[in-house]
Amino acid sequence: MALQRGLESEVVRIVECCRTLNQAKQVHAHIYRNNLEQCSYVITKLLRFVTSLTQVPLHSYPRLLFAQVHNPNPFLWTAFIRAYALRGPLSQALRLFCSMRKRRISPVSFTFSALFSASGAARDTLLGAQLHAQTLLLGGFDSDIYVNNAMIDMYVKCGFMRCARKVFDEMPERDVVSWTELIVAYARRGDMKAAQDLFDGLHVKDMVAWTAMVTGYAQNAMPKDAVEVFRRLLDEGVEIDEVTLVGVISACAQLGASVYAKWIRDIAESSGFGPGSSVLVGSALIDMYSKCGNVEEAYNVFKGMRERNVFSYSSMIVGFAIHGRVHAAIKLFYDMLETEVKPNHVTFVGVLTACTHAGLVDLGQQLFATMEKCYGVAPTAELYACMADLLGRAGYLEKVIRLVETMPMKPDGAVWGALLGASYVHGNPDVAEIASKHLFELEPDNLGNYLLLSNTYASVGRWDDVSRVRKCIREKNLKKDPGWSWVEAKNGMIHKFAAGDLKHPQINEIKKELNELLERLKGIGYIPNLSSVLYDVNDDEKKLLLMAHSEKLALAFGLLSTDAGSTIKIMKNLRICKDCHIVMCGASRLTGRKIVVRDNTRFHHFLNGACSCRNFW
DNA sequence: ATAGGGTTAG
């Protein structure tokens with residue numbers, strides 16, 4: 001007996017060396033020669049290997065392996081069921097499970113965890129619940145930690161949070177995996193409060209649990225909290241890996257400040273996950289640098305990567321596009337086509353955005369038309385929105401309407417929003433009415449849409465319509481998002497300004513600097529652009545309101561607080577207005593400074609009186 | 001055996 005066991009484990013060790021199907025078949029012959037072909041243990045190992053080869057159909061050789069054992073034990077059954085559970089069809093996995101039950105063979109916990117995982121992946125709630133009932137009927141499984149964890153995962157994937165929570169609350173013993181599964185589930189639903197409460201109650205936090213919190217905050221647009229959690233994780237001496245880094249890098253990208261960028265880059269490099277060694281970290285850094293206004297450094301990271309994937313290319317293309325480096329974006333796209341890396345729909349979002357910013361309608365249309373046939377990328381709603389923006393901004397409003405009518409999915413807010421924006425730019429209230437009618441249904445509380453419609457009316461002097469829309473805004477009690485701007489001082493400190501904000505300690509100096517700048521600008525022909533004011537007030541009041549725009553305050557502070565010759569970096573939460581854009585152009589000429597403004601969608605690089613967007617935004 | 005993963009328009 002002992003001799004037999006020794007032989008079994010020796011053969012199993014040989015099985016574990018298999019790398020190809022042919023090798024597996026040779027080992028199988030060896031198994032025959034040693035009379036081990038009925039041994040479930042050995043065959044289970046071999047079956048696990050051959051079912052991991054995705055090119056081998058399960059009904060061919062694997063099925064033969066399984067069928068030749070007369071009395072397969074639960075582990076062999078499970079290995080075969082698991083293969084179908086993972087690779088499908090799920091119905092076949094169930095059929096096998098039923099035969100196993102008919103033969104009165106008891107499943108093991110692994111059998112259930114495989115089936116739960118498959119029903120979760122298939123979002124098959126009914127099946128999941130039936131299997132849950134089975135575990136209760138059979139008994140003994142309700143205390144099994146693997147089975148319970150798999151059940152939590154299944155309910156979470158199917159969207160049944162309360163069932164998942166009930167399993168969690170009632171299981172006699174939980175491990176860090178059970179906790180993390182729920183933390184992630186709450187974070188994905190946007191409930192960071194619940195996630196944080198659970199996390200606080202977890203006593204043995206490991207790297208994965210910490211990472212789930214960092215990523216959760218980053219994904220819910222709470223970058224400061226993400227960075228805060230990451231700092232605490234470092235303080236506690238928890239190990240980090242590339243997944244942890246990606247979460248916090250994404251948070252730093254949202255913060256958009258150079259100090260955070262430098263801080264996390266150093267940490268990434270010193271922990272051995274620099275862009276040279278990790279595609280994941282490298283791609284995240286590309287996105288971060290471009291969102292921090294440093295597209296050159298983004299490109300340096302890109303060039304320094306040993307391996308590049310679709311995320312690296314897409315992030316870089318999008319980066320070039322939002323910085324107005326249109327030709328760099330398009331060139332990189334064509335370079336990418338020469339590599340093994342296949343573009344996806346985000347790649348096309350990037351290259352189409354680049355076309356939009358340069359008004360390259362023909363190229364954009366051609367790419368959009370051939371995208372699916374040549375590159376296997378099916379058009380998504382986002383891509384239709386890009387096309388609506390491309391055509392609309394170039395003035396082809398009817399083409400956008402035709403595009404919307406023919407798109408295979410229901411047009412979303414982005415598509416109608418692009419059309420409304422284009423109607424405003426081209427002063428077409430009739431089309432603006434069509435777009436806003438849909439937008440008011442899809443996004444009833446989005447003030448921006450009402451303002452765009454109202455301003456489109458105003459631009460052609462339809463004042464009755466203007467007051468009608470304004471009345472509607474009042475009735476709905478919609479409030480304008482306060483405009484904020486941030487600017488980096490010399491030491492990397494971030495200073496925040498609201499429109500008309502007088503609370504800054506250096507406000508008097510700032511006002512003086514701004515007034516002087518505006519006077520000098522008037523000397524070279526600057527006239528305040530009163531149509532940038534969205535309020536119905538007299539011209540003097542409009543001039544005052546314009547002067548108080550947060551980006552102008554930020555600009556003045558930037559001029560005061562940074563060295564002559566250095567770049568001024570401003571971030572803002574709303575779209576930059578025409579008047580501020582004119583002022584930034586002029587200021588870059590008068591002061592010789594480079595000014596970079598990140599508004600809510602893209603970057604403007606002002607240098608020597610011109611903007612990288614060529615006044616087209 | 002089970003948990004954490006980056007790029008997206010107006």
Side-chain angles (χ1 to χ4, degrees), chain A residues 48 78-79 82 86 108-114 116-117 120 144-154 156 175-185 187-188 206-216 218-219 240-250 253 278-288 290-291 309-319 321-322 344-350 352-353 356 380-390 392-393 412-425 435 439 443 446 448-449 452 575 600-602 617:
Chain A
R48 283 231 184 119
T78 300
R82 180 171 181 267
L86 286 176
V108 289
S109 53
F110 188 26
T111 323
F112 279 112
S113 55
F116 280 125
S117 149
D144 186 293
I145 209 154
Y146 288 119
V147 170
N148 279 303
N149 284 350
M151 228 141 54
I152 293 174
D153 184 58
M154 179 274 296
V156 163
D175 63 4
V176 66
V177 175
S178 340
W179 289 82
T180 309
E181 279 178 332
L182 268 194
I183 289 171
V184 169
R188 293 220 172 117
D206 67 358
M207 176 175 73
V208 178
W210 280 99
T211 303
M213 289 305 292
V214 173
T215 308
Q219 287 170 342
I240 57 170
D241 70 359
E242 41 182 359
V243 184
T244 323
L245 282 166
V246 160
V248 67
I249 291 171
S250 151
S278 163
V279 224
L280 203 62
V281 171
S283 307
L285 287 175
I286 291 170
D287 174 58
M288 178 188 77
S290 82
K291 285 185 177 150
N309 65 12
V310 64
F311 287 92
S312 334
Y313 275 98
S314 304
S315 300
M316 196 63 242
I317 291 169
V318 170
I322 63 174
N344 65 14
H345 70 284
V346 183
T347 321
F348 278 92
V349 167
L352 289 178
T353 306
T356 301
T380 59
E382 289 97 334
L383 283 164
Y384 273 97
C386 288
M387 284 309 287
D389 199 25
L390 171 70
R393 268 175 217 250
D412 61 3
V415 179
W416 292 117
L419 181 58
L420 178 59
S423 313
Y424 168 66
V425 172
L439 281 167
E443 306 170 347
N446 186 337
N449 297 331
L452 273 174
R575 214 172 101 111
N600 55 347
T601 49
R602 55 171 298 168
W617 84 97

Which nucleotide wins on minimum distance to the side chain of [X], given the candidates [options]?
{"X": "A:V177", "options": "B:dT8, B:dG10, B:dA3", "result": "B:dA3"}
{"X": "A:L439", "options": "B:dG10, B:dG4, B:dG6", "result": "B:dG10"}
{"X": "A:N446", "options": "B:dG6, B:dA1, B:dG10", "result": "B:dG10"}
{"X": "A:V176", "options": "B:dA3, B:dT2, B:dG5", "result": "B:dA3"}
{"X": "A:S250", "options": "B:dT7, B:dG10, B:dA1", "result": "B:dT7"}
{"X": "A:M207", "options": "B:dG10, B:dG5, B:dG4", "result": "B:dG4"}
{"X": "A:N449", "options": "B:dG10, B:dT7, B:dG4", "result": "B:dG10"}
{"X": "A:F311", "options": "B:dG4, B:dT7, B:dT8", "result": "B:dT7"}
{"X": "A:V243", "options": "B:dT8, B:dG4, B:dT2", "result": "B:dG4"}
{"X": "A:V246", "options": "B:dA3, B:dT7, B:dG6", "result": "B:dG6"}

Could you state the [atom1]-[atom2] distance from [X] to [N], rounded to the nearest angstrom?
{"X": "A:M288", "N": "B:dT7", "atom1": "CE", "atom2": "P", "answer": "13 Å"}
{"X": "A:R188", "N": "B:dG6", "atom1": "CZ", "atom2": "C1'", "answer": "13 Å"}
{"X": "A:I286", "N": "B:dT7", "atom1": "CD1", "atom2": "P", "answer": "12 Å"}
{"X": "A:R82", "N": "B:dT2", "atom1": "CZ", "atom2": "C1'", "answer": "10 Å"}
{"X": "A:I145", "N": "B:dT2", "atom1": "CD1", "atom2": "P", "answer": "15 Å"}
{"X": "A:D287", "N": "B:dG6", "atom1": "CG", "atom2": "C1'", "answer": "7 Å"}
{"X": "A:W179", "N": "B:dG4", "atom1": "CH2", "atom2": "P", "answer": "17 Å"}
{"X": "A:I249", "N": "B:dT7", "atom1": "CD1", "atom2": "C1'", "answer": "13 Å"}

**Considering all heavy atoms, the nearest A:L420-A:L439 contact** = CD2-CD1, 3.6 Å
**Considering all heavy atoms, the nearest A:I286-A:S312 contact** = CD1-O, 3.9 Å
Need one value for [X]: base, sugar-phosphate or nothing, where a base atom within 4.0 Å counts as base even if backbone is also close, heavy atoms only.
{"X": "A:S109", "answer": "base"}
{"X": "A:T347", "answer": "nothing"}
{"X": "A:T215", "answer": "sugar-phosphate"}
{"X": "A:E382", "answer": "base"}
{"X": "A:V279", "answer": "base"}
{"X": "A:N309", "answer": "base"}
{"X": "A:G247", "answer": "nothing"}
{"X": "A:D206", "answer": "base"}

**Asked** Is there a donor-acceptor contact under 3.5 Å linking the side chains of A:N149 and A:D144?
**Response** no
**Prompt:** In chain order, what residues pass the side chain to side chain contact (heavy atoms under 4.5 Å, CB included) check against A:A381, with sequence neighbours excluded?
**Reply:** A:M409, A:D412
**Asked** Below 4.0 angstrom from OP1 or OP2 of B:dT8, is there any side-chain N or O of A:K291?
**Response** yes
**Message:** With a cut-off of less than 4.0 Å, is there a side-chain N or O of A:R602 near OP1 or OP2 of B:dG10?
**Reply:** no
**Asked** Among all residues two or more places apart in sequence or in another chain, which pass the salt bridge (Lys or Arg N to Asp or Glu O under 4.0 Å) test with A:R602?
**Response** none
**Asked** Judged by atom type as modelled, is there a donor-acceptor pair below 3.5 Å linking the side chain of A:S250 to the main-chain atoms of A:V246?
**Response** no
**Request:** Taking A:N148 for its side chain and A:M151 for its backbone only, find out whether a donor-acceptor pair lies under 3.5 Å.
**Result:** no
**Asked** So does A:Q219 reach the base of B:dG4 with its side chain, donor to acceptor, closer than 3.5 Å?
**Response** no
**Message:** So for A:D241 and B:dG4, does any side-chain atom that can act as donor or acceptor lie under 3.5 Å from a complementary atom in the base?
**Reply:** yes
